[in-house]
Number of protein chains: 2
Amino acid sequence: MAVINEDLAYDLGDFFKIFGDPTRIKILYTLLQREMCVSDLVAELNINQSALSHQLRILRQNDIVKFRRDGKSVIYSLDDEHVGILLRNGIEHISHKNAYDSEEEHK
Amino acid sequence: MAVINEDLAYDLGDFFKIFGDPTRIKILYTLLQREMCVSDLVAELNINQSALSHQLRILRQNDIVKFRRDGKSVIYSLDDEHVGILLRNGIEHISHKNAYDSEEEHK
DNA sequence: TTGATATATGAACAACTGTTCATATATTCA
DNA sequence: TGAATATATGAACAGTTGTTCATATATCAA
């Protein structure tokens with residue numbers, strides 16, 4: 001084992017970076033529940049259409065979401081089983097931390 | 001369920017952002033194996049002492065690592081069980097992706 | 001105390017990131 | 001074909017991030 005491979009460190013960093021933005025989190029959290037077309041995402045998430053499209057491209061290019069065209073719409077969905085696990089993992093961490101924080105407040 | 005809470009989206013984003021940097025990944029990957037003092041990390045990871053210290057502060061402030069002083073040294077270790085799970089999750093994702101990529105190359 | 005060693009911090013700066021605006025492309029329908 | 005709708009893309013810009021250099025703080029040993 002010893003030292004982490006330099007490339008792996010960069011790849012891992014790049015991978016987690018994808019989840020390091022609230023807009024992308026919103027998108028992924030939504031797609032975790034059901035596939036959805038762009039205009040529905042715009043409506044539901046209250047994000048500028050262009051900003052959403054830019055973020056979807058990032059998710060696409062990193063194989064986090066997949067998409068198919070249906071008439072005029074493009075329908076996006078999660079491409080990876082790990083995404084859900086990862087998000088839930090993060091949520092768990094945050095809720096534990098918040099629970100601990102409010103415990104502290106009572107002292 | 002429906003739409004993700006705005007605060008949660010930001011908190012989750014901030015959480016994952018911590019893992020979105022190769023220097024921090026190197027640090028965490030190393031601490032996953034054993035606790036270590038700063039100068040050992042400097043030597044092992046070949047990172048500038050100041051840069052390392054700045055990154056350790058970020059990890060500290062986000063309760064990802066904990067530390068204790070031992071004489072002149074400060075010894076860091078992981079503070080959270082989730083970190084290992086998260087890293088392994090990311091590594092798994094990347095290795096699957098790479099496996100798939102090289103599969104593609106053969107076509 | 002003084003010098004040596006270990007770690008932390010602040011300021012400055014270059015590089016990167018996400019958003020917006022304008023516009024391009026794609027599809028459907030009349 | 002032309003208009004309407006849905007989505008994507010490029011350029012510009014402000015804000016953020018990570019590194020470096022210089023320096024501060026902390027601990028130990030003489």
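As the structure is a prediction and not an experimental result, all values here were calculated from the model. Order of the sequence lines fixes the chain letters, A, B, ..., with proteins taken first and strands second; residue numbering starts at 1 for each chain.
Atom CG of B:L45 is separated from atom OG1 of B:T30 by 4.0 Å, given to the nearest 0.5 angstrom. Rounding to the nearest 0.5 Å places CG of A:L56 at 6.5 Å from CG of A:L41.
One can place CG of A:N46 at 13 Å from P of C:dT19, the figure rounded to the nearest angstrom. Across the protein-nucleic acid pair, B:D70 atom CG and D:dA26 atom P stand 18 Å apart, rounded to whole Å. The CD1 atom of A:I25 sits 16 Å away from the C1' atom of C:dT17 (whole-angstrom rounding). Atom pair B:I58:CD1 and D:dT17:C1' shows a separation of 8 Å (rounding to whole Å applied).
Taking 4.0 Å as the cut-off between side-chain N and carboxylate O, B:R34 and B:E44 count as a salt-bridged pair. The residues A:E6 and B:K26 are annotated as salt-bridged, a charged nitrogen and a carboxylate oxygen being separated by less than 4.0 angstrom.
OP1 or OP2 of D:dT19 lies within a sub-4.0 Å distance of a side-chain N or O belonging to B:Q55. Taking only side-chain nitrogens and oxygens, A:N48 never comes nearer than 4.0 Å to OP1 or OP2 of C:dT19.
Across A:L87 and A:Y29, no two heavy atoms sit closer than the pair CD1-N, 4.2 Å.
If you check the side chains of B:Y76 and B:R60, you find a donor sitting under 3.5 Å from an acceptor.
The environment of A:N5 atom CG is dense: over 12 non-hydrogen atoms of other residues, nucleotides or ligands sit within 6.0 angstrom. Atom CG of B:N48 has more than 12 neighbouring heavy atoms from other residues, nucleotides or ligands inside a 6.0 Å radius.
Taking a 4.0 Å limit (strictly below) on heavy-atom distances, residues 14-24 of chain A reaches DNA chain C at A:K17, A:D21, A:T23, A:R24.
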Write down the protein N/O and nucleotide N/O pairs, taken from nucleotides 5-11 of chain C, whose separation is under 3.5 Å; answer none if there are no such pairs.
from   : atom 1 : to    : atom 2 : distance (Å)
C:dA6  : O3'    : B:K72 : O      : 3.4
C:dT7  : OP1    : B:V38 : N      : 3.3
C:dT7  : OP1    : B:V74 : N      : 3.1
C:dT7  : OP2    : B:S39 : N      : 2.6
C:dT7  : OP2    : B:S39 : OG     : 2.9
C:dA8  : OP1    : B:Y76 : OH     : 2.6
C:dA8  : OP2    : B:S53 : OG     : 3.1
C:dA8  : N7     : B:Q49 : NE2    : 2.9
C:dA8  : N6     : B:Q49 : OE1    : 3.3
C:dT9  : OP2    : B:R60 : NH2    : 3.1
C:dT9  : O4     : B:S50 : OG     : 2.6
C:dG10 : O6     : B:H54 : NE2    : 2.8

